[in-house]
Amino acid sequence: MITVEQALEIIVNSVQRTSRREEIPLAQAPGAVLGRDALADTDSPPFHRATMDGYAVIHTDGPGDYEVVEDIPAGYFPRTRLVPGKVSKIMTGAPLPEGADAVVPVEQTGGFVDLGQLAMIKGESRPGKNIAPRGEDMKVGDVALPAGTLIRPAEVAVLASVGCDPCHVYSRPTLAALATGDELIPPDQKPAPGQIRNSNGPSIIALAAEMGLACRSLGPAGDNPAALEENIRRGMDNDFLIISGGVSAGDRDLVPDILKKVGYKTLFHKVSVKPGKPTLFGMSASGRFVFGLPGNPVSSMVIFELFVRPALCRFMGAPYDAMEVAARMTSGFHRINAEREEYLPARLEWNGDRFSAGLVEYHGSGHFRALTRANGLVIIPAGVKKTPEGSQVRARFLGNIIMPAP
Ligand code: AMP
Ligand code: MG
């Protein structure tokens, strides 16, 4: 059986960045990846900008009483050139008048006075003080953000400032989630004996949404082979079809055979990981991917974290890093069978100098409420049976942890 690392390698080698690109409104861009360099169409700042409220001065004038010749709020462009012995009132964000070379903050003066009155300048200054020079951050034509940058709120601000709206991005993958199992009913129905509500479909959709991705729901679908095949075929035109359930060794686990039949090549099936051993990953001749996640809800969410998230990032060309941390166990963990690498729901907390990892109450991969108390996963390597309290472990956070471009 392949390891988590080997499975990831197969994913990374199979999924390439999409070549599809499109223009979308900037408001919809968070989570997408920039499709071409965003160029600065103006200098930034576009003029010598005051960074404090105060008086624009000629620094060689020094302290003294000077006539106020202009009032310059933000949004107004100054008309009066400063000459020695004069000052202009200026507000944060406003353009510096010609002739001035510094701003004295109002706190270092006798306060604001009206136009034509004398302002008392107390503070000494020096050239460039309290001024952000024109083009300090970017000059016209500079690459504000390179193609390939994942768009987060900080990138949205830069894109807005250079007028990238609409914005040219790599298309996000199309996704569909198909929950399988004869026992499943939709969440808004009351289960009859033997039935359970479909929780994997909604959680997969929520995980995708957290990444800024829309995921169509195709299920739940029963285990009847004909119906299952039809549902899988309905999902095949998506870049990623994410199926939950029906991939293990039960006599109703028909997904692997049907996937082969409809044209997906199996790239791996079964990984040495707990939970999530039956996980399947495949690819169709037209370059579309399928994940078969085990039906147990913890397995399906953990496997999304381990494999689906990096695959989706790879497709979009977004940087991905699991961002593992070292953490100190607040309690011990023992296991008898140490064959597989194991992921345990945990509460990771910063203790001033290191992370601590508190395992939350967890009865196994069907116990999905355990994940609501966890913000991370502790990783127990294959071969390790005893993890004493106080020992250092590898851990990773759950959720959308983003690695900015280098
Ligand atoms: P399977 O992988 O199909 O053998 O399912 C394993 C376990 O997960 C069974 O107990 C299922 O009832 C449960 N399960 C499967 N699919 C879902 C789902 N969509 N939501 C909640 N539980 C599920
Ligand atoms: Mg099933």
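Every number for a ligand or one of its atoms is a count from 1 in the order of the listing.
- Aromatic ring centres of F333 and Y362: separated by at least 6.0 Å.
- Contact check on R233 versus E230 returns no salt bridge, with no Lys/Arg side-chain nitrogen under 4.0 Å from an Asp/Glu carboxylate oxygen.
- At a 3.5 angstrom cut-off on N or O pairs, G295 counts as close to ligand 1.
- For ligand 1 and A179, the ligand atoms under 4.0 Å from any heavy atom of the residue are 19 (N).
- The distance criterion of under 3.5 Å between nitrogen or oxygen atoms is met by G246 with respect to ligand 1.
- Of the protein's non-hydrogen atoms, I196 CD1, 3.3 Å is the one closest to atom 22 (N) of ligand 1.
- In this structure, the protein non-hydrogen atom closest to atom 19 (N) of ligand 1 is N198 OD1, 2.9 Å.
- Salt bridge status for E349 with R347: present, with a side-chain N to carboxylate O gap under 4.0 Å.
- Considering L82, I72, V113 as possible partners of Y55, the one that fulfils the side chain to side chain contact (heavy atoms under 4.5 Å, CB included) test is V113.
- Using cut-offs of 30° and 60° on the angle between ring planes, the pair F77 and F47 is perpendicular.
- Counting protein heavy atoms only, atom 4 (O) of ligand 1 is closest to S248 OG, 3.5 Å.
- Within the 4.0 Å heavy-atom shell around ligand 1 one does not find G250.
- A heavy-atom separation below 4.0 Å is found between R197 and ligand 1.
- Shown here for G31 and L150, the closest heavy-atom pair between the two residues is O-CD1, 3.5 Å.
- Atom 9 (C) of ligand 1 has as its closest protein heavy atom E183 OE2, 4.0 Å.
- Given atom 21 (C) of ligand 1, the protein heavy atom at minimum distance is S199 OG, 3.3 Å.
- In the vicinity of G245, heavy-atom distances shorter than 4.0 Å reach the ligand 1 atoms 2 (O), 3 (O).
- Only the side chain of P297 comes within 4.0 Å of ligand 1, judged by heavy-atom distances.
- For the pair E70 (side chain) and R79 (backbone), a donor-acceptor distance under 3.5 Å is present.
- Among all protein heavy atoms, the one lying closest to atom 18 (C) of ligand 1 is N200 ND2, 3.2 Å.
- A salt bridge links E210 with R309; the closest basic N to acidic carboxylate O contact falls under 4.0 Å.
- A centroid separation of 6.0 Å or more is found between the aromatic rings of F281 and F307.
- Under 4.0 angstrom from ligand 1, the non-hydrogen atoms of L184 all belong to its side chain.
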Dump the intermediate steps for side chain to side chain contact (heavy atoms under 4.5 Å, CB included) on R396 and I379, then the final yes or no.
CA-CA 8 Å; R396 52 187 282 172; I379 305 164; 4.1 Å; yes
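- In this structure, atom 7 (C) of ligand 1 lies nearest to the protein heavy atom N296 OD1, 3.5 Å.
- The closest approach between G366 and ligand 1 stays at or above 4.0 Å for every heavy atom of the residue.
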